[in-house]
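Just below is one structure, and these are the notes that go with it.
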Amino acid sequence: MDDTTRSQLLIEALSYIGKFKDKVVTIKFGGAAQGDPEAKALFAQDVALIHSLGMRPVVVHGGGPEITRALKAAGHAPAFVEGLRITTAETIEITEMVLSGQVNKELVALIQSKGALAVGVSGKAGRMVRARKMGPVNGVDLGFVGEITGVETALIDALLDSGHIPVISPISMDDEGATLNINADSVASRIAARMRAERMIFMTDVDGVIEDGALVPSLSSAEALKLIERGVISGGMVPKVEAMLHCLNHGVGSAAIINGSEPHAIINELFTDAGIGTQITP
Ligand SMILES: Nc1ncnc2c1ncn2[C@@H]1O[C@H](COP(=O)(O)OP(=O)(O)OP(=O)(O)O)[C@@H](O)[C@H]1O
Ligand SMILES: [Mg+2]
């Protein structure tokens with residue numbers, strides 16, 4: 001890289017650093033993106049870095065592959081409807097152990113190993129995520145799967161105000177205290193909307209929304225709904241794109257789906273003019 005290119009890159013980055021100072025950046029770290037230990041360490045480094053630059057990062061994580069592994073080890077076959085996991089009375093306990101225990105604490109440790117302070121909580125903490133059992137989807141009862149009825153972000157604000165990075169597992173509860181599994185994309189988008197986040201970034205294991213083998217760099221609401229209807233967007237991409245639409249319709253600055261297995265994906269998304277992945281536009 002020559003000196004001019006280097007200065008140009010730095011100037012580009014510096015203008016974004018000013019823009020994002022004190023702003024909330026919500027990052028959903030998908031289970032699918034957590035497979036590669038090196039990418040995970042770089043993710044933690046990026047989160048610690050943007051925090052040190054004065055941003056207010058809020059991390060919400062999934063853990064699909066880890067849950068599947070734990071369920072299989074315990075003799076349970078995973079089952080999905082429309083990208084949503086069916087969760088029984090036995091499997092909700094394992095799901096909570098994996099998400100709120102293993103995955104959550106591992107991310108906290110990783111971020112702290114990069115020099116920032118992080119606190120791991122679940123949607124249960126401080127009644128952050130209020131939920132109720134979801135009705136049947138395509139005629140199938142999903143079991144202990146919740147839909148969000150409200151979000152309270154006082155605890156997140158308090159953590160950020162005291163210099164801590166909140167790391168949030170999507171496991172939540174209903175008004176009676178029953179544990180419910182909630183799609184982490186939905187939790188992240190509701191938190192981002194409630195906090196009027198500047199950016200919402202979904203990190204997964206693909207470059208973004210793919211159509212006919214090619215990345216769709218930007219997607220309007222109407223196009224997104226059409227792609228879901230046509231089945232081009234399916235499985236785990238459906239709740240993600242719906243979460244992007246929620247962000248768009250509820251005052252979040254902008255939302256993007258990016259590939260979390262790419263090194264320093266967050267930095268490339270936040271600090272360059274072009275950005276990466278799929279951006280949602282009105
Ligand atoms: N049109 C599409 N473009 C890209 N990916 C798609 C599309 N339709 C379906 N997918 C699937 O969506 C997956 C991403 O969703 P998935 O729920 O598996 O990951 P995640 O949300 O990052 O992880 P987790 O749910 O564990 O947090 C992709 O790996 C891909 O298989
Ligand atoms: Mg998912």
Side-chain angles (χ1 to χ4, degrees), residues 26-36 39-40 43 59-72 78-87 91 94-96 98-100 102-104 106-107 122-123 129 134 137 142 145-148 167-172 181-192 200-220 223-247 255-262 265-266 269 276-280:
T26 310
I27 302 161
K28 192 279 178 145
F29 192 41
Q34 293 164 19
D36 175 6
K40 210 156 41 172
F43 158 82
V59 175
V60 179
H61 62 83
E66 283 299 326
I67 297 167
T68 299
R69 200 168 307 142
L71 291 179
K72 274 193 185 146
F80 292 87
V81 183
E82 300 274 333
L84 298 165
R85 185 184 293 272
I86 299 175
T87 306
T91 64
I94 298 174
T95 306
E96 183 170 35
V98 171
L99 280 175
S100 302
Q102 184 193 331
V103 174
N104 187 271
E106 192 193 340
L107 290 178
S122 78
V129 179
M134 195 184 272
V137 173
L142 297 174
V145 173
E147 61 188 4
I148 302 170
V167 178
I168 302 161
S169 149
I171 295 288
S172 301
N181 188 17
I182 304 183
N183 182 278
D185 301 325
S186 311
V187 171
S189 66
R190 294 293 289 260
I191 288 174
M200 171 75 236
I201 301 175
F202 297 92
M203 303 180 74
T204 186
D205 63 344
V206 287
D207 287 344
V209 172
I210 312 285
E211 185 182 14
D212 299 329
L215 173 71
V216 181
S218 80
L219 199 57
S220 72
E223 285 163 349
L225 294 172
K226 227 178 283 166
L227 290 183
I228 292 175
E229 209 179 275
R230 283 175 41 215
V232 173
I233 291 172
S234 64
M237 199 46 83
V238 175
K240 210 177 299 302
V241 170
E242 285 173 351
M244 293 242 280
L245 295 173
H246 185 83
C247 288
I257 300 173
I258 67 173
N259 194 338
S261 24
E262 294 290 326
I266 297 177
E269 164 58 17
I276 53 173
T278 299
Q279 316 273 333
I280 191 98

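Counting starts at 1 for both ligands and their atoms, in listed order. What you see below is based on every heavy atom in this structure, not just the backbone, and it leaves out hydrogens, waters and symmetry mates.
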Which pair of heavy atoms, one from [X] and one from [Y], lies closest together, and at what distance?
X    : Y    : answer
V216 : T278 : O-OG1, 2.7 Å
I233 : V238 : O-CG2, 3.6 Å
G123 : I168 : N-CG2, 4.3 Å

Closest approach of any protein heavy atom to [atom], naming residue and atom:
atom                    : answer
atom 26 (O) of ligand 1 : G64 N, 2.7 Å
atom 22 (O) of ligand 1 : T204 OG1, 2.7 Å
atom 3 (N) of ligand 1  : I210 N, 2.8 Å
atom 12 (O) of ligand 1 : M237 N, 3.5 Å
atom 16 (P) of ligand 1 : G236 CA, 4.0 Å
atom 9 (C) of ligand 1  : S234 O, 2.9 Å
atom 27 (O) of ligand 1 : K28 NZ, 2.6 Å
atom 28 (C) of ligand 1 : D205 OD1, 3.6 Å

Find all atoms of ligand 1 within a distance of less than 4.0 Å from any non-hydrogen atom belonging to [X], and give their numbers and elements.
X    : answer
A32  : 19 (O), 20 (P), 22 (O), 23 (O), 26 (O)
V232 : 1 (N), 2 (C), 7 (C), 8 (N)
G208 : 3 (N), 4 (C)

Taking the side chain as every heavy atom from C-beta outward, state whether [X] and [Y] have any pair of such atoms under 4.5 Å apart.
X    : Y    : result
M237 : L227 : no
Q34  : F43  : no
V98  : V103 : yes
V209 : E223 : no
T68  : R85  : yes

| Charged N to carboxylate O under 4.0 angstrom, E66 versus R69? |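 Salt bridge flag = yes for R69 with E66.
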| query | Does R230 come within less than 4.0 Å of E211, counting only side-chain N to carboxylate O? | reply |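 The answer is yes: the pair qualifies as a salt bridge.
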| Results of side-chain hydrogen bond (donor to acceptor under 3.5 Å, both in side chains) for N104 - residues two or more places apart only | H61
| Applying a 4.0 Å heavy-atom criterion (strictly less than), which segment of K240 is in contact with ligand 1: side chain, backbone, both, or neither? | side chain
So, regarding [X] and ligand 1 (criterion: nitrogen or oxygen to nitrogen or oxygen, under 3.5 Å), is there a contact or not?
X    : result
A184 : no
A33  : no
V209 : no
F29  : no

| field | Distance flag for atom 31 (O) of ligand 1, protein heavy atom under 4.0 Å | value |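 No, there is no protein heavy atom closer to it than 4.0 Å.
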